[in-house]
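Since the model is a prediction, treat every value here as computed from it, not as a measurement. Per chain, numbering begins at 1; letters A, B, ... match sequence-line order.
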Amino acid sequence: MHVGHVRGAVVGDALSRLLAFAGWQVTREYYINDGGAQVDVLARSAYERYREAHGLEPEIREGLYPGDYLIPVGAALKARFGDTLLDKGEQFWLSDVREIATDLMMIEIKGDLAALGVQMDVYSSEKSLYGTGQIEAAIKTLRDMDLIYEGTLEPPKGKEPDDWEPRVQTLFRSTAHGDDVDRPVQKSDGSWTYFAPDIAYHFNKVQRGFDELIDIFGADHGGYVKRMKAAVSALSNGRVPLDIKLVNLVKLYKNGEPFKMSKRAGTFVTLRDVVEQAGADVTRFMMLTRKNDVPLDFDFAKVLEQSKDNPVFYVQYANARIGSVMRKSIEAGMDVSDAALAQADLSLLSHPAEIDLMQKIAEWPRLVDIAARGNEPHRVAFYLYELASEFHGLWNRGNDEPSLRFVQAGNTATAAAKVALVRATGVAISAGLAILGVTPVDEMR
RNA sequence: GCACCCGUAGCUCAGCUGGAUAGAGCGCUGCCCUCCGAAGGCAGAGGUCAGGGGUUCGAAUCCCUUCGGGUGCGCCA
């Protein structure tokens with residue numbers, strides 16, 4: 001996985017946690033694109049690496065995947081098949097190589113997700129939809145609604161391909177459900193387009209009885225939003241809403257300098273690179289500091305900085321200070337159980353800065369509600385930063401005004417009220433960090 | 001050509017599905033740091049919310065339109 005995928009994974013995972021926190025029952029699914037021509041390309045690319053493993057010069061032709069990540073796959077193929085695949089025609093090895101390469105890639109991806117702390121409930125394979133009748137069933141359902149027909153599409157205006165020829169294809173009448181043009185589900189040779197298994201997969205979800213579906217796509221797939229929504233709308237008779245979150249690019253920087261990334265040259269930065277350098281917590285938080293449909297800058301140097309410029313650090317620092325206050329209060333012999341703190345007389349906290357912090361804490365339930373309703377986990381990240389900011393602000397006032405310090409001498413009602421405020425801040429921060437999937441720290445080191 | 005996304009302070013971005021003087025961070029300016037953790041703190045300057053219409057008691061937010069940027073557009077997934 002490269003960094004672009006990471007953002008999608010993080011957004012999806014945080015969204016899942018958010019919705020679960022808001023009371024939904026959530027199933028996280030990973031749709032494996034292991035069907036179609038792209039896996040053949042993968043297999044051919046892996047085969048070249050297999051040849052390389054035998055000391056031969058790999059021929060990474062135009063259209064193949066050049067990435068280094070396939071080198072271990074080549075080695076695995078050598079270990080498995082020895083030299084028996086060398087100098088053989090594609091028909092001899094393609095199917096075996098395809099299977100092993102996709103399996104290895106999935107192991108790799110699952111490892112990447114695990115390193116990020118992302119857990120999936122269901123892995124759905126595109127390939128497994130073929131030959132089971134599921135695609136046919138989904139298409140038949142649409143056909144019975146008179147939404148499938150044989151026809152010819154108009155060429156796109158203004159950008160007509162040179163080799164355009166009218167073709168008769170099986171089309172889905174997506175325009176009946178809000179799309180701009182009808183979309184092909186079958187190629188002219190009768191085989192399925194990628195869209196057909198996608199329809200079948202979503203049909204399967206609808207049949208499993210979900211009340212709401214959420215897809216996460218790369219922003220470059222924005223053109224498929226309408227047709228996918230149209231399909232789900234048709235297949236569920238408008239019952240099941242489908243929300244599609246488009247996740248935009250991640251631009252990598254180091255000290256403000258753009259990090260060169262080229263898929264063509266195979267030098268793109270992988271997830272492991274990022275997580276190894278920045279850590280899973282930092283990576284996750286940073287990926288959520290932008291709205292999903294906007295490009296994101298990720299600066300390696302900055303995310304490791306321990307200062308106010310680094311929002312992850314700033315929030316963690318607040319949490320650590322909270323931990324510090326709680327520890328000191330316990331040392332002072334105070335009862336800091338939630339039951340005891342709930343009895344505290346909060347009317348003793350009347351300073352404007354204290355009121356501000358309380359108001360910020362009071363926003364938390366509403367914030368969760370808004371974020372969950374809009375499927376927008378980034379709101380949680382922003383909220384945490386603001387909350388931490390209020391907290392630090394009040395803390396700093398304590399430097400000049402001892403009466404505002406959270407830790408007060410003696411076991412008085414005022415002291416209890418202040419600790420209750422600290423504890424409440426801590427509750428919101430740890431809940432928020434849990435939604436982001438970031439481990440809260442109790443102490444800074 | 002069409003569709004979708006974006007356009008808010010010098011820069012990077014929030015902004016609660018219509019509500020009070022539009023908010024942060026960076027940068028800039030000026031003060032402050034033997035004091036619960038100064039790996040800093042406080043304060044200030046800085047905005048025709050891209051432009052123009054419309055709906056509304058009320059618009060950054062909703063509708064229309066223009067401009068600018070991005071993405072995509074039939075046997076590629």
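Here C36(B) is the nucleotide among A77(B), C36(B), G41(B) with the atom lying nearest to any side-chain atom of F406(A). Side-chain proximity of K226(A) to the nucleotides C16(B), G25(B), C4(B) is greatest for C4(B).
Between M326(A) atom CE and C36(B) atom C1' there is a gap of 14 Å when expressed in whole angstrom units. The CD-C1' distance, from E331(A) to C36(B), rounds to 12 Å in whole Å. Between the CZ atom of R397(A) and the P atom of A38(B) there is a distance of 16 Å, rounded to whole Å. The nearest whole Å value for the distance from the NZ atom in K251(A) to the P atom in G70(B) is 11 Å. Distance, E401(A) CD to C33(B) P: 16 Å, rounded to whole Å.
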Taking only nitrogen or oxygen atoms into account, show me every contact under 3.5 Å that the protein makes with nucleotides 8-14 of chain B, one pair per line with its distance.
unit_1 : atom_1 : unit_2  : atom_2 : d
U12(B) : O2'    : R290(A) : NH1    : 3.2
C13(B) : O3'    : R290(A) : NE     : 3.4
C13(B) : O2'    : R290(A) : NE     : 3.4
C13(B) : O2'    : R290(A) : NH2    : 3.1
A14(B) : OP1    : K291(A) : N      : 3.2

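R167(A) comes within 4.0 angstrom of a base, heavy atoms only.
Here CG of D215(A) is found 3.5 Å from NE2 of H202(A). Values are rounded to the nearest 0.5 Å.
Contact annotation: K187(A) reaches the phosphate of A77(B) (side-chain N/O to OP1 or OP2, under 4.0 Å).
A cation-pi arrangement, defined by a distance under 6.0 Å to the six-membered ring centre and an angle within 45 degrees of its axis, is present between R321(A) and Y317(A). Within the cation-pi definition used here (under 6.0 Å to the ring centroid, within 45° of the axis), R227(A) does not qualify as a partner of F172(A).
Between the base of C76(B) and the side chain of Y224(A) there is a donor-acceptor pair shorter than 3.5 Å.
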